[in-house]
Amino acid sequence: MTKATSVVLLVGLFALLSPMAVVCKKEANVPEFMKRRLQNGSNRCWSTEDCGFEQYCSRGICRDNGSCQNRSDCLNPRNLYATVLCLGRIKCSNEGRCFNDCTTLPCGNRPVAGCIEDPCTAVSCFEPYESCISNSCGGCNAVFYNAQGYRVCKSN
């Protein structure tokens, strides 16, 4: 008898190599997000639901929470991470980690606008979006993100 090696998938957490054979009777037992990730063999995603535990979808790629490629990733509401609470500017470090720079003003040199209405409800976005962040730096701005973590409606 030959030893069979198979991959056991622990939903949303990690894959574990096992020297025992595992037989899946139905493909339906595998969650949809894992099927998609297994089919394309990468960490690509259509939404944060496609990503693993403590990950978010950033421009179609699953990233660990708190990690970033640019500042926009740090502002994405699906990117959940702990940070120092201060009135500093949120930034993406050279090492690819989100942090709050307490030595700077939240809006840099731009004035903070006194918005009467929440920009996310006052501004229209005609592209599909999943979340919005109100930004009062230099005006009453709404920053929209689609399910893949791309910033959309940038003209607003």
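Model, not experiment: these values are computed from the prediction.
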Could Arg63 and Glu54 be called an ion pair, given the rule that one side-chain N must be under 4.0 Å from one carboxylate O? no
Sulfur-sulfur distance Cys51/Cys57 under 2.5 Å: no
Would you mind checking if Asp101 and Arg89 are paired as a salt bridge, meaning a charged N to carboxylate O distance below 4.0 Å? no
Would you please say whether a donor-acceptor pair under 3.5 Å links the side chains of Gln69 and Arg59? yes
Looking only at the side chains, is there a donor atom on one of Asn100 and Thr83 sitting less than 3.5 Å from an acceptor on the other? no
Quick check for you: to the nearest 0.5 Å, what is the distance between Asn76 atom CG and Tyr56 atom OH? 6.5 Å
Show your working on disulfide bond (SG atoms under 2.5 Å apart) between Cys74 and Cys68 and close with a plain yes or no. CA-CA 6 Å; Cys74 298; Cys68 54; 3.7 Å; no
Non-hydrogen side-chain atoms of Phe144 and Ser131 separated by less than 4.5 Å: no
If only side-chain N and O atoms count, and only distance matters, is there a donor-acceptor pair under 3.5 Å linking Asp64 with Gln55? yes
Would you call Arg78 and Tyr145 a side-chain contact if the rule is heavy atoms closer than 4.5 Å? no
Do Ser58 and Tyr150 have a side chain donor and acceptor closer than 3.5 Å? no
It should be assessed whether the SG atoms of Cys45 and Cys62 lie less than 2.5 angstrom apart. no
Tell me whether Ser136 contacts the main-chain N or O of Cys140 through its side chain, where contact means a donor paired with an acceptor under 3.5 Å. no
